[in-house]
Amino acid sequence: MKEIILIKNGEIALKGLNRSTFEDALVKNIKRRLSLILRADITKSQSTIMIEPVTENPDMDAAVEAIKRVFGIAGFSRAAACEKDMDVMRQVVVDYLADILRESKTFKVEARRSDKNFPLTSPEICRELGGEILSHFPHLRVDVHSPDLVVNVEVREKYTFIHGNQIKGAGGMPVGTSGRAAVMISGGIDSPVAAWTMAKRGLVLDAIHFASPPYTSKRAEQKVHELLGKVSKYSGTINLLVVPFTEIQEHIKDDCPEDLFTIIMRRMMMRIAIELAKRQGCGAIITGESLAQVASQTLLALGCTDAVATMPVFRPLIGMDKNEIVEISRKIDTFDISIQPYEDCCTVFTPKHPRLRPTLSDVEEAEKALDMDALIKRAVDGVKIVVIDKSLDI
Amino acid sequence: MECYFDNSATTKPTQQVVDAMVDVLTNCYGNPSSLHRVGDAASDKLQAAREAVAKSLSCDPSEVYFTSGGTESNNISIMGAAHALRRRGNRIVTTCIEHPSVLECMDRLSEEGFEVIKLPVDSSGHISENDLYDAVNEQTILVSIMYVNNEVGSIQPIKAAASAIKRSGAPALLHVDAVQAFGKLPIKPSSLGIDLISISAHKVHGPKGQGALYMKKGTRLATYILGGGQESGVRSGTHGMPGIVGLGTAISELGDIDANTAYVASLKSSLLDKLQSEDNLVINSPDEFPYILNISLLGVPSEVLRNFLSECGVYVSTGSACSKGHRSYVLTSMGLDTKVIDSAIRISFSRFNTEDEVCYLADCLKRANKSLRKVN
């Protein structure tokens with residue numbers, strides 16, 4: 001007997017003729033994630049991907065943790081692959097599933113055979129193995145309607161697979177199948193969630209962070225590294241572009257009306273982000289904005305920001321409440337990092353009473369005080385790139 | 001240039017301290033509780049360190065207990081005293097500007113049903129002696145007051161606390177958190193009337209993770225760290241010899257405390273002279289403990305000034321290192337304007353700082369005052 005992992009594709013299974021493109025991308029992503037954990041043969045058949053380790057004593061716990069974070073997988077099972085022989089199967093079912101059988105009160109056996117030459121029919125297999133389990137674990141009861149545990153037995157071409165309940169996958173589409181986008185990340189709760197949400201839809205991520213030393217501290221930037229580290233466990237490698245933003249903020253502060261500070265700052269960020277995104281080959285910008293959450297996220301303010309956007313701006317959190325966003329941030333383990341109290345560039349110089357309904361013409365008029373092209377050029381030229389990838393960490 | 005002006009957060013251990021600690025790890029690995037020659041050697045060093053602490057507090061070595069630091073000494077004293085004396089009264093008196101390791105204990109005791117009185121402070125960071133006399137009644141079992149406040153350097157009226165206890169006839173113990181004062185002000189528990197004193201090694205150029213507790217002979221505390229009965233059962237656990245020896249060494253190097261204080265006072269006044277003509281400068285510390293100087297450059301947020309100075313190689317702190325990200329409760333208790341609080345930084349000196357460093361600090365502060373954009 002050896003232990004393998006069986007993966008059920010998610011949405012990919014619904015694809016038509018281009019399905020194999022998605023499957024190939026998924027297999028490639030899985031291979032990479034497992035590369036430091038184990039070596040394996042990975043094969044596809046009947047919308048199932050099978051990972052068969054060839055390493056001796058593979059660390060299957062680590063492999064399971066890694067697979068849980070690969071987008072494009074609806075669910076998967078850790079399974080025993082054994083000989084297609086009833087004596088062996090009887091033995092394996094009580095040994096391999098012993099822990100989970102002990103923890104359960106009720107169970108049922110579900111058998112399938114794609115090898116129709118196997119001497120027993122599916123109902124016969126169920127009966128045989130069910131009886132075997134009951135004789136070893138007399139505390140169990142059979143419940144065919146809502147059992148604690150479903151014992152799956154699949155008699156396939158080469159092996160019989162035996163496994164318990166399915167493990168939930170990360171869902172979504174394989175990273176890389178939707179292209180590339182740049183997320184604007186501050187260090188708060190929202191932007192990492194936005195990044196994760198869009199990576200889930202198959203995007204490769206770049207990240208853009210605006211730093212304003214000494215108004216923001218090194219720790220604030222360090223925090224962004226940590227947040228992206230968590231996101232990269234799902235998304236794979238992220239290039240972080242750190243933009244020096246102090247000069248621009250000082251100029252806005254000195255030369256523009258105070259109540260328009262935030263909106264002008266957002267527009268400057270957007271201009272720079274788009275410039276950088278183009279350079280990186282991105283097709284969209286991602287932000288963590290949520291309608292009406294703060295002054296720069298009113299409908300009119302978002303409109304003013306989008307007026308300088310020359311590529312799609314994805315705002316996956318736009319209709320979500322804060323508590324819904326927090327829930328995801330806890331799930332992806334970014335919440336505790338986000339709430340560390342280091343000031344970010346968005347809180348520097350924020351006016352007491354920002355204008356909630358800025359008009360585009362007022363904002364454009366106010367921006368005339370800025371030497372726009374030169375400021376943007378200096379910021380873009382000063383960008384520092386950090387490559388972040390924790391997806392291979394065990 | 002690198003200038004460290006955050007000595008109330010922690011200090012750099014001296015080379016002698018480091019050498020002494022390495023020597024213990026290398027050459028004196030025994031357990032002082034072991035009754036053989038290797039253990040005896042460690043036991044001798046333990047005793048020498050205990051004597052060094054005792055000498056610095058003018059007390060008997062048997063009144064010194066080694067702990068893991070100021071926080072543990074405070075916890076042992078406060079929780080231990082309250083629980084040991086709970087049958088004799090229910091009132092505990094403290095101040096609202098204590099360190100979190102005191103205030104958190106007080107909150108816990110309050111949840112347990114003790115009546116905790118937190119005395120307010122005036123705009124210079126002092127509790128009033130009258131308040132003390134009013135608060136301490138015959139039901140009082142513990143009075144816990146810090147000697148020197150860690151954020152502004154105000155010195156509290158410890159003697160008055162002792163007098164208030166005597167006058168009321170209360171069974172109260174007097175605990176003093178002397179983490180900031182130790183090694184800088186003379187502390188003689190017998191003449192001040194103190195029962196329990198918390199000190200920490202890393203504020204006086206010793207190692208982190210090491211502290212001590214002075215407990216007056218005959219005092220009984222409830223205990224929490226149970227085990228092998230080391231430190232007379234007050235704090236079980238195998239002695240952390242490197243730290244203990246480090247503390248002993250740091251104390252033996254203190255030299256003349258009064259002379260150190262006079263020197264540090266000269267550094268502080270030199271700094272203030274240099275900043276005399278700066279606009280927007282507010283001094284938040286009373287002029288009595290030169291090691292701690294809390295100032296505000298109005299309009300420059302604390303974190304921004306700290307970051308700016310850090311880039312210059314000058315290290316100060318905003319409020320205390322233990323409470324980053326929150327508006328200082330100490331400055332708030334002093335009733336200072338929020339503008340002052342939000343721009344406050346703490347400069348804390350050591351006897352090893354130099355006049356050159358002070359000049360550089362002054363230059364950097366002036367530059368910050370000129371170049372950083374002010375917020376309203």
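Model, not experiment: these values are computed from the prediction. Chain identifiers are assigned alphabetically (A, B, ...) following the order of the sequence lines, protein sequences preceding nucleic acid strands; residue numbering begins at 1 within each chain.
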Around atom [atom1] of [X], are there more than 12 heavy atoms of other residues, nucleotides or ligands at under 6.0 Å?
X: A:Asp255; atom1: CG; value: yes
X: A:Glu327; atom1: CD; value: no
X: A:Arg357; atom1: CZ; value: no
X: B:Arg108; atom1: CZ; value: no
X: A:Lys390; atom1: NZ; value: no

Beyond-backbone contact of B:Arg306 with A:Ser217, side-chain heavy atoms, under 4.5 angstrom: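 Contact flag for B:Arg306/A:Ser217 side chains = yes.
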Part of B:Leu372 lying under 4.5 Å from any heavy atom of chain A: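 When you check distances to chain A, atoms from both the backbone and side chain of B:Leu372 fall under 4.5 Å.
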Lys/Arg-Asp/Glu bridge criterion (N-O < 4.0 Å) met for B:Glu311, A:Lys218: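 Looking at A:Lys218 together with B:Glu311, the answer is yes, because their closest N to O distance falls below 4.0 Å.
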From B:Ser310 atom OG to A:Arg219 atom CZ, the distance as rounded to the nearest 0.5 Å: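 Reported value, rounded in 0.5 Å steps: 9.0 Å.
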Heavy-atom pair of closest approach, residues B:Ser371 and A:Tyr215: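 For B:Ser371 versus A:Tyr215, the nearest heavy atoms are O-OH, 4.3 Å.
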